[in-house]
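To start, the structure itself, in structure tokens.
Residue numbering restarts at 1 for every chain, and letters A, B, ... go by the order of the sequence lines. Computed from a prediction, not measured in an experiment: that's the story for all the values here.
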4 protein chains.
Amino acid sequence: MTAKEKTELRKTHILQAAAKVFAEKGFQDGTIPDVAKESGVSEASIYEYFTNKENLLFSVPLEAIQRLSEQIDFHLKLIRGSADKLRAILYLQLLFYIENRDFAAVIMLILKQNRRFIDTEAHHAIREHLKTVDRVIQEGMETGEFRDDMDPYLLRSTCLGSMEHVVTNWLMLGHPTDEELLGWVDPMIKTLVQGIRTENALHQCPFQHIAKPEDLDAL
Amino acid sequence: MTAKEKTELRKTHILQAAAKVFAEKGFQDGTIPDVAKESGVSEASIYEYFTNKENLLFSVPLEAIQRLSEQIDFHLKLIRGSADKLRAILYLQLLFYIENRDFAAVIMLILKQNRRFIDTEAHHAIREHLKTVDRVIQEGMETGEFRDDMDPYLLRSTCLGSMEHVVTNWLMLGHPTDEELLGWVDPMIKTLVQGIRTENALHQCPFQHIAKPEDLDAL
Amino acid sequence: MTAKEKTELRKTHILQAAAKVFAEKGFQDGTIPDVAKESGVSEASIYEYFTNKENLLFSVPLEAIQRLSEQIDFHLKLIRGSADKLRAILYLQLLFYIENRDFAAVIMLILKQNRRFIDTEAHHAIREHLKTVDRVIQEGMETGEFRDDMDPYLLRSTCLGSMEHVVTNWLMLGHPTDEELLGWVDPMIKTLVQGIRTENALHQCPFQHIAKPEDLDAL
Amino acid sequence: MTAKEKTELRKTHILQAAAKVFAEKGFQDGTIPDVAKESGVSEASIYEYFTNKENLLFSVPLEAIQRLSEQIDFHLKLIRGSADKLRAILYLQLLFYIENRDFAAVIMLILKQNRRFIDTEAHHAIREHLKTVDRVIQEGMETGEFRDDMDPYLLRSTCLGSMEHVVTNWLMLGHPTDEELLGWVDPMIKTLVQGIRTENALHQCPFQHIAKPEDLDAL
DNA sequence: AATGAATGAGGCTTCATTCAT
DNA sequence: TATGAATGAAGCCTCATTCAT
């Protein structure tokens, strides 16, 4: 028992080191020797826990994503209103990124780009999480809180894309600060929910002349 | 004259090959030998045109971004209405990505992640482009077409983030098809402009109880 | 214990191979692959022991010089008379060169020419050795065995320069044979100590008219 | 005629550039591109004048050595006394090195180490120069100005070795200054001619017990 | 279980050299 | 004659990975 726990601890330890190294240097520039140094574990030992360098990379977000997912699922049960649920998702996700910056960098900057990541258990967990978001959106449409004349996938993309864009800039440029970042959740949600246009502009949506006729009905 | 043109042609040729290689394999897994093979030029010759592997990478988007930027600037002059202008920007950008898939992949997947890219001429061109977007948003706020109670940076992030998210998925997952992708411009704009909520929900924005008091006025 | 010894042995082994390769081909023409082949060790392994090709080069003479230095210091304690001490120094040094031809070539032909070698631990050891020579000369002047109207640095240069010239030719031209070389120690010392001129010529040193007045007293 | 002169000028120009480059960086680290840049001539053009990089190197000292040799030969005719002649040789050689530092570095530091240099026309010129030195020494022995119980080769080695040692240090360490260096000719000659020992020590040459019996007679 | 030691594989890069103009 | 352009060849070095202890 203690032996197994010890092993598990060591593994976590290596994963944290890997997250830091990969976050700082990227996957290819971050080396196994780097991870060994950072974790204080020998190179050979890393291969006792992970079959591969890539396997190590893919293992970095696994546990974290699951934890985040569970957390979100739990909170969603306590919230009524689709917009509020959306808000909670973004909030918790941002909070998680802030508290686990290295993981965030690995997920947002490195894994996003790796085609093989898609076949991974971690990516499966991400897709599960996406389903949750989809469910919230679906629910919002069904209850009439959200428009139902929009592509749900686009809606999701808009929500997540906004956040990811902001997070990526935060990771790459160090802007804004952690606190400011969290403070942006509400404005972000507000923008998404209310839309850009003013009330006056409500009935003269200027691009509609390009849209297909059936879109007009949707207004 | 012809000699210089030939040289320029060769350079462009190498850049296209590099774009393809890096788009397919990533920066580190794509090798100079790969680019040499793809372009039919010797490895050594590549170094006649580019000082570095990284310099080669950074040169890939340079000309393309400038071309796109000029194109966008030109079209914007012909369009009235901020929303329509936003739409044109997204449309042209998507069109460009579709027509230059490799460049798109290099910009969206590879360079996004490279910290040194920020100090690059190409990145400068990108920042210039961002300024154009900002100007459109600013203009929309000033003319009253857009709400002016929102952070312009967030607005921009929402627009671009949505598109980038979609493009990234298109690049990584091959979904949707090229035609579908272009067809999403209008729905995307619509989502952004109109917001998510229904008319009924207009006056009961559910998350406002968290927002600061002055936000209420803004409604 | 045995493990450490084995490591040390391997290192020495590589150093000997390196000495041979560099002695035969020079530093630049002698390659790491050459050293690998000569030592029967893989290229990569060489980098386990030495950070650099240059570091490998600089490590070649390190241990040898220290050993020689200690040997000389030990013998000097047993000898009276500055000329005899000088003789011992030259003798031991020549003997060492003969017995370690590759090291000799590396020191005399290759390192002599490398400006960065000066900042090296090995070069420090050489400077220590030079101090020993200086001390002998100083002592000879103080005891009255040597003239004290000469620049000690020049005296040292004459002694070492003579030897180095002979050794360099021996290394480059293979002339004279090893035995002959050792046999030259006494004539060399004799030449240095007695000077070139005959007794008759003692008082008509022809170039003195250029020398400073006080030099005349010294005669 | 003018065409030929122009060609000759260009060649000299390249040689000077090569001397500078090789003197500063060594033969291998100094590249043809370096020489091209330094001389303002294209790389390809260098190959119009020299078959090889090594041929370029070997051509660097050729003309200079011949010029120096002729100069020395000329001056020697004007001087009586072997010691004075020796002095003139050292003086002119040092002067030449000082005035042609790059050539000096190439000869002393680079070519000394190159085995193929021996088969070169320039090396032939050097050997001719050595014969001149030998002739002076021989003459000194025959006229009774120099001892004739010494190996002439050793005598020459002592003279040249002393000088080379000093010059090498001057080149590598920048010590002494150019003026000081020339001022050392007389002390150097004095040391060589008079020997190290004092008059008192004349009849108790301490190492003689090792020397062969016939050496005793020489005293 | 943990690791020191060893290496195959391969990438980036540089240059001497050639050739067509 | 002069050179811009092109490249084959090769070296240094790094690292993921294995294996004996």
What does D:Thr7 touch in the nucleic acid at a heavy-atom separation under 4.0 angstrom: a base, only the sugar-phosphate, or nothing? nothing
Donor-acceptor under 3.5 Å (C:Asp34 side chain, C:Thr31 main chain): yes
Is it true that, when you exclude D:Glu121 itself, more than 12 heavy atoms of the residues, nucleotides or ligands shown sit nearer than 6.0 Å to its CD? no
With sequence neighbours left out, the residues meeting side chain to side chain contact (heavy atoms under 4.5 Å, CB included) with A:Glu48 are none
Take D:Lys11 and D:Ser59 through the test side chain to side chain contact (heavy atoms under 4.5 Å, CB included) and record every step on the way to the result. CA-CA 10 Å; D:Lys11 196 170 175 178; D:Ser59 302; 5.8 Å; no
Sequence neighbours excluded - salt bridge (charged side-chain N to carboxylate O under 4.0 Å, His left out) pairs with any residue from residues 101-115 of chain D: D:Lys112-D:Glu164
Go through the steps for B:Tyr47 and B:Ile32 under the test side chain to side chain contact (heavy atoms under 4.5 Å, CB included), then give the verdict. CA-CA 10 Å; B:Tyr47 284 91; B:Ile32 294 288; 3.7 Å; yes
May I ask you to test the A:His13-A:Leu9 pair for a side-chain heavy-atom distance under 4.5 Å? no
Look at atom NZ of A:Lys53 and say whether more than 12 heavy atoms of other residues, nucleotides or ligands are closer to it than 6.0 Å. yes
What is the distance from NE2 of D:His13 to P of F:dA2, rounded to the nearest Å? 13 Å
Do you know the tightest heavy-atom contact between A:Ile107 and A:Pro61? CG1-CB, 3.8 Å
Looking at B:Arg10, does any N or O in its side chain come under 4.0 Å of the phosphate oxygens OP1/OP2 on F:dT7? yes
Covered region of DNA chain E, 5' end to 3' end, by chain C [heavy atoms, under 4.0 Å]: E:dA5 to E:dG8
Near DNA chain E, under 4.0 Å by heavy atom, which residues of residues 19-27 of chain D? none
Look at the aromatic rings of B:Phe58 and B:Phe117 and report parallel, tilted or perpendicular, splitting at 30° and 60°. tilted
Report the C-alpha separation of D:Leu111 and D:Phe27 in whole Å, then their side-chain angles, then the decisive distance to 0.1 Å, and conclude whether the side chain to side chain contact (heavy atoms under 4.5 Å, CB included) test is met. CA-CA 9 Å; D:Leu111 292 171; D:Phe27 178 58; over 6 Å; no
Which of residues 28-53 of chain C sit near DNA chain F, with a heavy atom under 4.0 Å from it? C:Thr31, C:Ile32, C:Pro33, C:Glu43, C:Ala44, C:Tyr47, C:Asn52, C:Lys53
Under the rule of Watson-Crick or G-U wobble with both distances under 3.5 Å, where | means paired to another strand and [ ] a crossing pair, DNA chain F maps to .||||||||||||||||||||
B:Leu57 pairs by side-chain contact (heavy atoms from CB on, under 4.5 Å) with which of B:Leu15, B:Asn52, B:Ile110? B:Ile110
Can you tell me if C:Thr120 uses its side chain to pair, donor with acceptor, with the backbone of C:His123 under 3.5 Å? no
